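Here the structure is laid out as structure tokens; the discussion comes afterwards.
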Number of protein chains: 2
Amino acid sequence: MEQHPDILTYLNKHFPTLDKDLKEYLSVIGGLKKIPAGEVLLKQGQYIRFTVLVLEGRIKLYREGEEQGEFFMYYLEPGDACAISMICIASGKESEVMAKAVEESVVLMIPVQHMELLMKDYKSWYRFVIESYRRRFEEVLTVLDSTVFKSMDERLLSYIREQSRQLNTRQLKLTHQEIATDINSSREVISRLLKKMEQKGLVKLNRNYIEVLPAD
Amino acid sequence: MEQHPDILTYLNKHFPTLDKDLKEYLSVIGGLKKIPAGEVLLKQGQYIRFTVLVLEGRIKLYREGEEQGEFFMYYLEPGDACAISMICIASGKESEVMAKAVEESVVLMIPVQHMELLMKDYKSWYRFVIESYRRRFEEVLTVLDSTVFKSMDERLLSYIREQSRQLNTRQLKLTHQEIATDINSSREVISRLLKKMEQKGLVKLNRNYIEVLPAD
DNA sequence: ATGCTTATGTAACAAATGTCACAGAAATAC
DNA sequence: GTATTTCTGTGACATTTGTTACATAAGCAT
């Protein structure tokens, strides 16, 4: 079998916790896939045939309501794996979330049938899977905290700051409508609350982007 | 090393997916512990030194708000494991939830240091861990759906029906205050909504218990 | 420029949820 | 028994969030 040099380069760059052997093995069994910006790579309810490691770009994970909208959970970045895909595969269950590329992204797709062996033969893989899942669980609990314990203005502020942190920029290129969709509110409410936040000196509003001002 | 016959009996009764070898091994390394009703066996933020398998009774898992109350996530029953404890151990992280026995319960406690070997040597253990975690993730997502997409009356109905299903009874011994705490609302709101539900023929209200009427 | 589309601002109102105040009923304590 | 506590019911009101209906402004296309 032949190693794919690009894959190995990617893995070395973003997955320091995986063993050398494992990375080589993954570069043999995995396939590179380029995902254009905006493409949905996993639908809620869909069966999963690959475990996905993110090598480039950024993937947005949503929970879809039964009838209604979509609710933002977290981003996957280079170095992350889709925890859901790993676990659902292992249990033969369908996806519980929707995943959409927000930038052009490159992912490594590892076919289902290798999971068992990976788990068994590579300790660093098993640890990676466990840790990925734990982190996602933690993130979902944080999101749950927001919706349960916080009011809309606090949720909005958390959202804004979290976006700024994750995207590593103070200039958030988001419309009020997009924010409203992500946290399941309405555009008018977001505009109103953002205006108040601006008056408090937390943000500066502009057309098509929001400048996040440093917290005191 | 000596097997503990009671443990083995419990494991055989409630954990059909675990291999015979594994059960025998668990009965050697695990310790039985009886938990009185009402006792908290795990606090949020606490480090975890044992993986817990539930053998008897019922454990309630909560998420605690930063300042405020506690929010019900799910129950653990005989045959369940505390997924959080398994994963946090594996990652050396503290607990993300609070666990409280609602009935007198019996649990099997497996010290941290055996996890690595269990994962490596017992395929049925690894599968059990993964599946436990997946199911809890799924439950938390369902709870998240409720808080994000549903109004309070719908959440209350879901809660009531879920309790009835899990506790396997139509007579829910819950006060309005307890319900309010579990879903982070206020007692008056719950009383009001329950009254409406009674008028719709969904429940029958009594002091200290609620009778859940079958859905159409 | 002119018109078209998209994004934002905002008032007025509606609906949902939370809070306060208090009453009465049922259980429990004494 | 009476007193006390706990639980439930409910009206009145406050607050938060969502909705409707526009207005205005910025960018884009021609």
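In what follows, chains are A, B, ... by sequence order, proteins preceding strands, each numbered from 1. Here the structure is a predicted model, which means the values were calculated and not measured. What's counted below: heavy atoms across the whole structure, side chains too, no hydrogens, waters or symmetry copies.
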What is the separation between atom CG on B:Leu156 and atom P on C:dA16, rounded to the nearest whole Å? 15 Å
Does the Lys NZ or Arg CZ of A:Lys23 fall within the cation-pi geometry relative to A:Phe15 - under 6.0 Å from the ring centre and within 45° of the axis? no
Once each nucleotide of nucleotides 5-12 of chain C is scored for protein heavy atoms under 4.0 Å, what B/S/- sequence comes out, 5' to 3'? -BBBBB-B
If you look at every strand shown and take non-hydrogen atoms under 4.0 Å, does B:Ser151 touch a base, only sugar-phosphate, or nothing? sugar-phosphate
Measure the distance from CD1 on B:Ile190 to P on C:dT17 and round it to the nearest whole Å. 10 Å
Integer-rounded Å distance: C:dA27 P and B:Lys173 NZ: 14 Å
In whole angstroms, the gap separating P of C:dA15 from NZ of B:Lys196 amounts to 12 Å
Has B:Thr181 got a side-chain atom pairing as donor or acceptor with B:Gln177's backbone, closer than 3.5 angstrom? yes
Separation between CE (B:Met115) and OG (B:Ser85), nearest 0.5 Å, reads 7.5 Å
A:Lys150/A:Asp145 ion pair, N-O < 4.0 Å: no
Tell me: CE of B:Met152 to P of D:dT16, nearest whole Å? 16 Å
Taking only N and O in the side chain of B:Ser185, is any of them less than 4.0 Å away from OP1 or OP2 of C:dG18? yes
Which dot-bracket string describes DNA chain D (Watson-Crick N1-N3 plus N6-O4 or O6-N4, or G-U N1-O2 and O6-N3, all under 3.5 Å; [ ] crossing; | other strand)? ||||||||||||||||||||||||||||||
Answer yes or no: is there an ion pair linking B:Arg135 with B:Glu138, defined by an N-O contact shorter than 4.0 Å? no
Stacked cation flag B:Arg136 on A:Phe137, 6.0 angstrom / 45 deg: no
Do NZ/NE/NH1/NH2 and the carboxylate oxygens of B:Glu211 and B:Arg170 come within less than 4.0 Å? no
Ion pair A:Glu64/A:Lys43, N-O distance below 4.0 Å: no
